[in-house]
Protein chains: 2
Amino acid sequence: MVTGQRGRPRSFDRDAALDKAMLAFWERGYEATSIADLTASLGISAPSLYAAFGDKRKLFDEVVVVYGGRYADFASVALAEEPTAGAAVARILREAAEVYTDPAHPRGCMVISAAINTTSEEVAQALRERRNANLEMFESRIRADMATGALPAETDARALARYAGAVLQGMSQQSRDGASREELEAVAERALLAWPKA
Amino acid sequence: MVTGQRGRPRSFDRDAALDKAMLAFWERGYEATSIADLTASLGISAPSLYAAFGDKRKLFDEVVVVYGGRYADFASVALAEEPTAGAAVARILREAAEVYTDPAHPRGCMVISAAINTTSEEVAQALRERRNANLEMFESRIRADMATGALPAETDARALARYAGAVLQGMSQQSRDGASREELEAVAERALLAWPKA
DNA sequence: CAGATTCCCTAGCGACCGCTATAGAATCTC
DNA sequence: GAGATTCTATAGCGGTCGCTAGGGAATCTG
């Protein structure tokens, strides 16, 4: 006996709705995106949204997971695939210039911009921890290079990781302030000139 | 005949209240700072606030002016005083590391962080224009250096200005994410290594 | 088909938002 | 002193916030 779904089936595509919610949160941020905005964007009513996703906070948490897998993994992929931290950061900055200005979705990085100035400290903290986790990914990759000699042994790994993170965050802001892909690519190339030589 | 003030005099210091409002907006941003927050911080009731400052938006506009004069002028001062754009940017990044982490006030730059993700597009636009005006200040100073030969004639002035702005914005974000003054100073020194040689 | 189940939407809850009508308190001019 | 003026706070306006009760609609099982 196959346990088929009982009762009336959901009349909308949950994954498609999640995508629309992601675009809304990405564009306007967590707090400025109201439930009314979301129900309008997703084309469903509030009770359907709550039945499918729990509440606004849980919906946002799901959105962050989807976003991370689709638009933020390029960083950890580059860190894993490239032979050195420097090559990985170079690839990440160049890809960021492209992703942050892709007209297919809102500008910049959602993890960076969606929970600035929110009254919900929990949400702000969740994204802050994600950003700091990315910094630590950078840092440990830099330390690995220091061990192999790809970076000088006296490198300040934490400071170098912060530098990469700061450039990324700055590029995200610049993209939302109107910078073009070409301008961001020039920023990336400029920033890479400061990377320490082996 | 001196036209003395008629009627009951104001019972609070308007400038001191403006300072307190600045700290509140700086800490939490424009939208997340409610009138109730402000009346609590300033120690006055809502009608007194409205009588003295007009409305929330006008109060914020005044706050931005005060903030600009007290915490953001260091950039234009450096651009005017230092002999080259490079020297000015070096001074600005180093001073930013200090100002952004000064325990006497909230972290980071209010112009950068106070109107991200606001439903009031007017306020967001006002600060965005301020940021872009700063970029243009950088750019024209860079062009001046190109004219005197302090920078190569083929320098991409706009891209270089964007780079300086991106690093500043990134440092502001990093400071709000917990970076120490020393870490930001290291980021500044790292960033300066990418500045073009004459 | 009947009955159970699960979805859908309308309507509206209490809380907070920015803002203000109103009236009393304090200080001026005369 | 009287009266005009301008401050003060209480109390509350209409609107939006996140969220949900309640009842009808659609699809399941048997």
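So that the names make sense, note that chain A is the first sequence line, chain B the second, and so on, each numbered from 1.
- For Ile35(A), taking side-chain heavy atoms from C-beta onward, the closest of the listed nucleotides dC8(C), dC19(D), dG18(C) is dC19(D).
- At whole-Å resolution of the value, CZ in Arg8(A) and C1' in dT29(D) are 18 Å apart.
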Check step by step if side-chain hydrogen bond (donor to acceptor under 3.5 Å, both in side chains) holds for Thr119(B) and Glu31(B). CA-CA 8 Å; Thr119(B) 54; Glu31(B) 194 135 24; 2.2 Å; yes
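- The side-chain contact (heavy atoms from CB on, under 4.5 Å) with Phe60(B) is formed by just one residue from the set Leu127(B), Thr33(B), Val65(B); it is Leu127(B).
- Contact check of residues 45-56 of chain A against DNA chain C (heavy atom, cut-off under 4.0 Å) returns Ser45(A), Pro47(A), Ser48(A).
- Looking at residues 118-127 of chain A, you'll see that no heavy atom sits under 4.0 Å from any atom of DNA chain D.
- Straight-line distance from the CG atom of Leu38(A) to the P atom of dG18(D): 8 Å, rounded to whole Å.
- Linking ILVMFWY side-chain heavy atoms closer than 4.5 Å, directly or via other members, places Val111(A) and Ile116(B) in two distinct hydrophobic clusters.
- When distances run from any side-chain atom of Arg10(A) to the nucleotides dT8(D), dC17(D), dC7(C), the shortest one goes to dC7(C).
- For the residue pair Gln173(B)/Gln169(B), the side-chain donor-acceptor check at 3.5 Å is not satisfied.
- In this structure the side chain of Trp195(B) reaches within 4.5 angstrom of the side chain of Leu160(B), judged on heavy atoms.
- Residue contacts shown for Thr33(A) are limited to sugar-phosphate atoms, with no base heavy atom under 4.0 Å away.
- Of the candidate nucleotides dC17(D), dC8(C), dC7(D), dC8(C) has the atom nearest to the side chain of Phe12(A).
- The hydrophobic clustering, which links ILVMFWY residues whose side-chain heavy atoms are closer than 4.5 Å, places Leu49(A) and Phe12(A) together.
- For the pair Asp37(B) CG and dG18(C) P, the computed distance is 8 Å after rounding to whole Å.
- Hydrophobic clustering places Tyr71(A) together with Val66(A) (ILVMFWY residues linked when any side-chain heavy atoms are closer than 4.5 Å, directly or through intermediates).
- Taking only side-chain nitrogens and oxygens, Ser11(B) never comes nearer than 4.0 Å to OP1 or OP2 of dC7(D).
- Using the six-membered ring where Trp is involved, Tyr30(B) and Phe25(B) have ring planes that are parallel, under 30° apart on the 30 and 60° scheme.
- Side-chain contact between Arg141(A) and Asp145(A) is present, with at least one heavy-atom pair separated by less than 4.5 Å.
- Side chains of Leu193(A) and Tyr163(B) form no contact here, defined as non-hydrogen atoms less than 4.5 Å apart.
- DNA chain D is contacted by no residue of residues 19-31 of chain A, taking any non-hydrogen atom closer than 4.0 Å.
- If you take CG of Leu42(A) and P of dC9(C), they are 11 Å apart, rounded to a whole angstrom.
- The distance between atom CZ of Arg6(B) and atom C1' of dT29(C), rounded to the nearest whole Å, is 6 Å.
- Residues Leu18(A) and Phe53(A) form a side-chain contact, since some pair of their non-hydrogen atoms from C-beta on lies under 4.5 Å apart.
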